[in-house]
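Because the structure is a prediction, the values reported are computed rather than measured.
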Amino acid sequence: MTVELLTRAGCQACAAARADLTRICAELGVEFTEVDVDRAADEGRPDVRAEFGDRLPVVLLDGDEHSYWEVDEPRLRADLAPRR
């Protein structure tokens, strides 16, 4: 199970989502990665910014969109629990 947080520098909602995801994942013993969509675009992945850049932050589980604008904590916990 991969958990990925898509963000953008200077985004306050992204910072809040990062804090929430850090706390939740630590409690569940799950790792997550963070991808800045603007940096990804500059590094040859413009599709990430094109797809998700208008609704950041976005949480992806195994590459599929799970939630956006905020972390849906109850749903995330439920979706991660059987996979731990």
### Message
Assigning hydrophobic clusters by single linkage (Ile, Leu, Val, Met, Phe, Trp, Tyr; side-chain heavy-atom cutoff under 4.5 Å), is Val3 placed with Tyr68?
### Response
no
### Query
With hydrophobic residues grouped by side-chain heavy-atom distances under 4.5 Å, do Val58 and Leu61 end up in a single group?
no
### Query
Which pair of non-hydrogen atoms, one from Ile24 and one from Arg77, has the smallest distance, and what is that distance?
CG1-NH2, 4.0 Å
### Task
For the pair Glu51 and Arg45, find out whether any cationic side-chain nitrogen is under 4.0 Å from an anionic carboxylate oxygen.
no
### Query
Atom OG of Ser67 and atom CZ of Arg75: how far apart are they, to the nearest 0.5 Å?
7.0 Å
### hydrophobic_cluster_shared for Leu80 and Leu21, side chain cutoff 4.5 Å
yes
### Within 6.0 Å of CZ in Phe32, more than 12 heavy atoms from elsewhere
yes
### Message
Can you give me the closest heavy-atom contact between Trp69 and Leu56, atom names plus distance?
### Response
CD1-O, 3.4 Å
### Query
Do Phe52 and Leu5 sit in the same hydrophobic cluster, where Ile, Leu, Val, Met, Phe, Trp and Tyr count as joined when their side-chain heavy atoms come under 4.5 Å apart?
no
### Query
Are Arg39 and Arg8 side-chain neighbours, meaning at least one heavy-atom pair lies under 4.5 Å?
no
### Message
For the CG atom of Leu28 and the CE atom of Met1, what is their distance to the nearest 0.5 Å?
### Response
11.5 Å
## Note on the structure
Rounded to the nearest 0.5 Å, the SG atom of Cys11 sits from the CZ atom of Arg18 at a distance of 8.5 Å
### Query
Is atom CD of Glu73 surrounded by more than 12 heavy atoms (other residues, nucleotides or ligands) closer than 6.0 Å?
yes
## Note on the structure
The single option from Glu4, Glu43, Arg49 that satisfies side-chain contact (heavy atoms from CB on, under 4.5 Å) with Val35 is Glu4
### Query
Looking only at side chains, do His66 and Asp79 share a donor and an acceptor under 3.5 Å apart?
yes
### Query
Is Leu6 reachable from Leu76 through a run of I, L, V, M, F, W or Y residues, each pair having side-chain heavy atoms under 4.5 Å apart?
no
### Query
Is it true that the side chains of Asp62 and Thr2 contain a donor and an acceptor less than 3.5 Å apart?
yes
## Note on the structure
Between Pro57 and Ala17 the two heavy atoms that sit nearest each other are CG-CB, 3.5 Å
